[in-house]
Undergrad: 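Right, I'll just put the structure down here and ask away after.
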Amino acid sequence: MSGERYNPRESEPKWQKVWDEQKSFVTANDDPREPYYVLEMFPYPSGRIHMGHVRNYSMGDVVARYHRARGKNVLHPMGWDAFGLPAENAAIERKTHPGTWTYQNIEAMKAQLKSMGLSIDWTREIATCSPDYYKHQQAMFIDMLAAGLITRKSSKVNWDPVDMTVLANEQVIDGKGWRSGAVVEQRELTQWFFKISDYAEDLLEALDGLTGWPEKVRTMQRNWIGKSEGLRLLFELVASDKTAATSVEVFTTRPDTIFGASFIGLSPDHPLTTELAANNPALAAFVAECHRHGTATETLEKAEKQGFDTGLRVKHPVIEGETLPVYVANFILMDYGTGAIFGCPAHDQRDLDLARKYGLSVIPVVLPPGADPASFAVGDEAYVDAGNIFNSTFLDGLSIDEAKSKIAQYFGARSVDGKPQGRIETNYRLRDWGISRQRYWGCPIPVIHCEVCGTIPVPKKDLPVVLPEDVNFDKPGNALDHHPTWKHVHCPHCGAAARRETDTMDTFVDSSWYFARFTAPQADTPTIPDVANRWLPVDQYIGGIEHAILHLLYSRFFTRAMKATGHVGLDEPFKGMFTQGMVTHETYKGQQGEWVPPTDVIIDSGGEARTARHIQTGVPIAIGSVEKMSKSKKNVVDPDQIVATYGADTARWFMLSDSPPERDVQWTEAGVEGASRFQQRVWRLVNDSVEISKQPTGTVAPDDADAKALRKIVHRAVAGVATDIEGLGFNRAVARIYELTNALAKARDSQPGPALAFALAEGVERLVQLINPMMPHLAESCWEVLGKQGLVADAGWPEVDPALLVDDEVTLPIQVNGKRRGEITVPKGMAAAEVETQVLALDVVQKALDGKTPKKVVVVQDRIVNIVV
RNA sequence: GCGGGCGUGGUGGAAUUGGUAGACACAAGGGACUUAAAAUCCCUCGGCGCUAGCCUUGCGGGUUCGAUUCCCGCCGCCCGCACCA
């Protein structure tokens, strides 16, 4: 028996079948045990799983299986984020229906996930592209529309003038359409929006309560919401024949720098800009130029700062008789504040860039601590830090905050156009969530446009509004809009000929409530509130850091919107959140600089340098940098091949070992080999220990020192692995399991007597339980060899004897001037004075002191001794 | 451009969150077993000295009896930026 190698190819499908037949991971909603909901972000059905999925789902499965062993009723479901652009692109390229492509992909990926042996309740599987799912989304849309959570307004899109279609930001490359190559334009379109900005304050405040989230994710969300206190400030326009307007309202968070103002900046989309451009061809051309790039904020902010002098001037609000020019500037967003600013170049980098370009004055008004007011000047870098105000008459000497309140009071007391010149306002960067997409493969927005009755929701009895099957993608644009009959309907109110909304929803909507649907996936309402409220919030959610802002923020909003419409009874969907790192791999390049996939490369690692050659041609291959696995660099490893070669357990174990889960992990062939070897070591250890325990043992001697030492190691490992898994420190848990395995193997090889044999048997049994969450197939096989009844999947988490966790002695390092000079072993909890006496008596210490008297002796109980000389 | 993060031996990383830096693993080298290979087992393994010493957690400062951990400044890499999912 012990000579046989463990064969995952045989064992893994076997146990998967057993779990399936015994419905081991099917979860009942009426189970009385404490519920625990673990969820990994559901995948987009691209066709094949990648190593990122393997990592993500391995982690989630450890958590699920661990809590299951702890006696909880665990919900661990899986589904498909099945709407989206790639299916439409595939439809165009392969002349297939997006649905056909998507469902084929789902089948393929499901088979792959199943081969991983995940403890998933597949009876709860959902696909967002199924009418069974999206009809509920439509119903909630109607509820939310009625509740005033949805609005329609104009916003900008990327328009491809050749393909006559709206482009996603990722389809805009260097300002051009990815397919047509045409220069993209910004276009205004009336679109549907969720009013997430109404919840800005709530979403911000509630972050403090999300203690199970990484601090960095909360920080990112806080910054994204971007709450700021500022001043709305009216600038009087100097009368001009160009406009009838008498004032411009700006929003500023730095009213303290008003004496440093040197221009007014308007957004290219500001109404005043539009008015002026109507009679100013040069300005109109400038505005058009501003629109000749995509709508991505990144492009805008990276673009060179440009401005256009409108010729208008405003009166300086605090310097009598002075006026400031009014510019239109490309970096000013219409969506934020009032779409107009006052520029203070000395203390804002973008303003400074513009001022330098157009020769506007730069007047410093905040003096850095210690700087000389007479000589302080701003060069190419704006001064944005703290200091005291100067060059500002009645604000001189104040701190920035003091100056802000004083100037706010000052402007509050004055008036322009019969209104207060300034008023304090809280502003948020967070914009409403635009969900309209001019695409076929998404959830239809259930609305009908009637000439007579206006925009009215589809009656719930008529749901779902189903996507038509007979579509073709030959024509550019929205295939739903092109469909000959689909959009022509009768108004549900008046019966007149009307038109269906042909926009579909952003796929972020689909993923904003799937976690709730999983709690009752077959219900004929979106949720069963009682059931959802018992399961939610998700105890542990796991996914990529790339979703730290949008997906999580939208889900938090949508949960609130579902609460407002009676579908759930809570605000926050995710109690625990974890963001895992990426999977990386070395890159390889051939002679012509072409990327070579790892499967075509042989690494020669004997001696000093690692070199590589092509598997068939033998041509030398250059080993490149380690990068995120991507198709474009061909540095991908196919999970299917790994599972076929080494088995799922090896892949899972490797994904969990070594790298901390939040950091990137580098996939290496050597690492996988190591994981595979460990699998065999465990198998051998278990089989050997069964042989040993067959020998006559007699009575157990509980005071056997070796046995007690081993039991201590075993019980510490059990306690430690539990702590590690609960803190998602999978790599630490793995290291601990290695240590335990080493200790057990040593005991095995020592020809153990009865007491040690007992400890060994106990240790091996617990080892199998410890590896179960990570290598569940191997664990079942070992459990069987141990002669245990039932499945290890159904066995509980091993008990820990607390007496074995405590030590009565501690070894303290002894430092002299911070350098380690020796150590001393003393009873735990020994008083500092006693420790000091003993330590000072030691030879090593006397020698290190070299006759000098200690200035101070620091004794930290049970930790360290430091003698300062 | 703005916001967030990360950086420890040849490599992945550990360090009870201010208390013995390098646990555990991989790679490499040496040895055992074997006719041989694979598998397995044992030893060495941060650097310089190679003795009892010194240096070392991206770089440069600071706080502290003591810093991988806290603070300031740099460098490098990664993620997000609202229509990729």
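Quick note on labels: first sequence line is chain A, next is B, and so on, each numbered from 1.
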Undergrad: Please work out if A/Ser436 contacts a base, only the sugar-phosphate, or nothing of the nucleic acid, heavy-atom cut-off 4.0 Å.
TA: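 Touches a base.
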Undergrad: Could you tell me whether the side chain of A/Gln171 has a donor or acceptor atom within less than 3.5 Å of a complementary atom in the base of B/C83?
TA: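 Check fails, no donor-acceptor contact within cut-off.
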Undergrad: Centroid-to-centroid, A/Phe678 to A/Tyr738, below 6.0 Å?
TA: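 Yes, ring centres under 6.0 Å apart.
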Undergrad: May I ask you to say whether A/Lys195 pairs ionically with A/Asp432, meaning some side-chain N is under 4.0 Å from a carboxylate O?
TA: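 Looking at A/Lys195 and A/Asp432, the cut-off is not met.
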Undergrad: For A/Leu430, which contact category applies under a 4.0 Å heavy-atom criterion: base, sugar-phosphate, or nothing?
TA: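 It contacts base atoms.
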Undergrad: Indicate, with a heavy-atom threshold strictly under 4.0 Å, whether A/Val157 touches base, sugar-phosphate, or nothing.
TA: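 Counting heavy atoms under 4.0 Å across all strands, the contact made by A/Val157 includes a base.
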Undergrad: Indicate the ring-plane relationship of A/His50 and A/His53, choosing parallel, tilted or perpendicular according to the 30° and 60° boundaries.
TA: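 Correct class here is parallel.
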Undergrad: Within the 3.5 Å criterion, strictly below it, is a donor on A/Gln679 or A/Tyr646 matched to an acceptor on the partner's side chain?
TA: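 Result is no, nothing qualifies.
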Undergrad: For A/Gly434, report the nucleic acid contact type (base, sugar-phosphate, nothing); a contact means any heavy atom under 4.0 Å.
TA: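 Result for A/Gly434 = sugar-phosphate.
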Undergrad: So what does A/Ser657 touch, heavy atoms closer than 4.0 Å: a base, only the sugar-phosphate, or nothing?
TA: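 Touches nothing.
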Undergrad: What is the pairing partner of B/U17, taking Watson-Crick or G-U wobble pairs with both distances under 3.5 Å in any strand?
TA: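 The answer is none; no pair meets the criterion.
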Undergrad: Using purine N1 to pyrimidine N3 plus N6-O4 or O6-N4 for Watson-Crick, or N1-O2 and O6-N3 for G-U wobble, each under 3.5 Å, what pairs with B/U40?
TA: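 B/U40 is paired with B/A32.
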Undergrad: Look at the side chain of A/Lys216 and decide which nucleotide, out of B/G13, B/U20, B/G4, has an atom nearest to it.
TA: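 Of the candidates, B/G4 comes closest.
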Undergrad: Base, sugar-phosphate, or nothing: which does A/Pro43 touch, judged by heavy atoms less than 4.0 Å apart?
TA: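 The residue A/Pro43 makes no contact with any strand.
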Undergrad: In terms of heavy-atom contacts, does CG of A/Asp385 have more than 12 from other residues, nucleotides or ligands at under 6.0 Å?
TA: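 Yes, because the 6.0 Å sphere around CG of A/Asp385 holds more than 12 heavy atoms from other groups.
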Undergrad: Among the candidates B/C83, B/A82, B/G4, find the nucleotide nearest to the side-chain atoms of A/Val166.
TA: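 Side chain of A/Val166 sits closest to B/C83.
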Undergrad: Are A/Tyr6 and A/Ser676 linked by a side-chain donor-acceptor pair shorter than 3.5 Å?
TA: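 A/Tyr6 vs A/Ser676: no donor-acceptor pair found between side chains.
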Undergrad: Identify whether any heavy atom of A/Ala303 sits under 4.0 Å from a base atom; if not, whether one sits that close to sugar-phosphate; answer base, sugar-phosphate or nothing.
TA: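 Since no nucleic acid heavy atom lies under 4.0 Å of A/Ala303, the category is nothing.
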Undergrad: B/G7 phosphate, OP1 or OP2: any side-chain N/O from A/Arg663 under 4.0 angstrom?
TA: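 So the side chain of A/Arg663 is within the cut-off, an N or O lying under 4.0 Å from OP1 or OP2 of B/G7.
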Undergrad: Between B/G3, B/G19, B/A85, spot the one nearest the side chain of A/Ile864, thanks.
TA: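 Closest nucleotide to the A/Ile864 side chain: B/G19.
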Undergrad: Expressed in angstrom and rounded to an integer, what is the separation of A/Asn223 atom CG from B/G5 atom C1'?
TA: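 That distance rounds to 12 Å.
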Undergrad: Let me see the working for A/Glu215 and A/Arg222 under salt bridge (charged side-chain N to carboxylate O under 4.0 Å, His left out), right down to the final yes or no.
TA: CA-CA 10 Å; A/Glu215 193 51 54; A/Arg222 243 176 236 125; 3.5 Å; yes
Undergrad: Where the side chain of A/Met582 is defined as all heavy atoms beyond and including C-beta, which of B/C79, B/A85, B/C24 is the nearest nucleotide?
TA: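 From the listed options, B/C79 comes nearest.
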Undergrad: Using a heavy-atom cut-off of 4.0 Å across all strands, would you classify A/Ala548 as base, sugar-phosphate, or nothing?
TA: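 The answer is nothing, as A/Ala548 stays clear of every strand by at least 4.0 Å.
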Undergrad: Give me syn or anti for B/G29, where syn covers glycosidic angles within 90 degrees of 0.
TA: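 It is anti.
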Undergrad: Which part of the nucleic acid, if any, lies within reach of A/Trp433 when heavy atoms closer than 4.0 Å are counted: base, sugar-phosphate only, or nothing?
TA: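 Counting heavy atoms under 4.0 Å across all strands, no contact is made by A/Trp433.
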Undergrad: What is the nucleic acid contact for A/Glu298, judged by heavy atoms within less than 4.0 Å: base, sugar-phosphate only, or nothing?
TA: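 Base, at least one base atom sits under 4.0 Å.
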Undergrad: What's the gap between B/C54 and B/A38 when it is taken at their P atoms, as a whole Å value?
TA: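 Between the two P atoms, the distance is 45 Å.
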Undergrad: Give a yes or no on whether the backbone of A/Val184 and the side-chain of A/Asp160 come within a donor-acceptor separation of less than 3.5 Å.
TA: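 The answer is no, because no donor-acceptor pair under 3.5 Å joins these two groups.
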Undergrad: How far, in whole Å, is B/G31 from B/A52 if one measures between their P atoms?
TA: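 Nearest-Å result for B/A52 against B/G31 at atom P: 27 Å.
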Undergrad: With a 4.0 Å cutoff (strictly under), does any side-chain N or O of A/Arg350 reach OP1 or OP2 of B/C2?
TA: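 False: A/Arg350 side-chain N/O out of range (4.0 Å or more) of B/C2 OP1/OP2.
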Undergrad: Quiz question: by atom type and distance under 3.5 Å, do the side chains of A/Glu93 and A/Asn89 form a donor-acceptor pair?
TA: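 There is no such pair between these side chains.
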Undergrad: Among B/C83, B/C84, B/G13, which is the nearest nucleotide to the side chain of A/Asn731?
TA: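 Minimum distance to the A/Asn731 side chain belongs to B/G13.
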Undergrad: Given the structure, check if the side chain of A/Asp658 and the base of B/G12 hold any donor-acceptor pair shorter than 3.5 Å.
TA: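 Result: at least one qualifying N/O pair found.
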Undergrad: Any donor-acceptor pair under 3.5 Å linking the side chain of A/Glu88 with the backbone of A/Tyr440?
TA: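 Yes.
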Undergrad: Which nucleotide wins on minimum distance to the side chain of A/Gln666, given the candidates B/A82, B/G12, B/A85?
TA: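 Of B/A82, B/G12, B/A85, B/G12 is nearest to the side chain of A/Gln666.
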Undergrad: Nearest to the A/Thr219 side chain among B/G80, B/C83, B/G4, which nucleotide is it?
TA: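 The listed nucleotide nearest to A/Thr219's side chain is B/G4.
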Undergrad: For B/A27, give its Watson-Crick or G-U wobble partner with both distances under 3.5 Å, or none.
TA: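 Its partner: none found.
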Undergrad: Which letter, B, S or -, goes with each nucleotide of nucleotides 40-75 of chain B from 5' to 3', with contact meaning a protein heavy atom under 4.0 Å?
TA: S-------------SS---------BS---------
Undergrad: So, is A/Arg437 close to the B/C83 phosphate, meaning a side-chain N or O under 4.0 Å from OP1 or OP2?
TA: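 A/Arg437 to B/C83 OP1/OP2: side-chain N or O found under 4.0 Å.
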Undergrad: Can you tell me how far C1' in B/G53 sits from the matching atom in B/G3, rounded to whole Å?
TA: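 It works out to 49 Å between them.
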Undergrad: For A/Glu304, which contact category applies under a 4.0 Å heavy-atom criterion: base, sugar-phosphate, or nothing?
TA: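 Here A/Glu304 touches no strand at all.
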Undergrad: Base, sugar-phosphate or nothing for A/Phe678? Non-hydrogen atoms, less than 4.0 Å.
TA: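 The residue A/Phe678 makes no contact with any strand.
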Undergrad: If you compare every side-chain N and O of A/Ser659 against the phosphate oxygens of B/G12 (OP1, OP2), does one of them come in below 4.0 Å?
TA: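 Indeed not, no polar side-chain atom of A/Ser659 lies that close.
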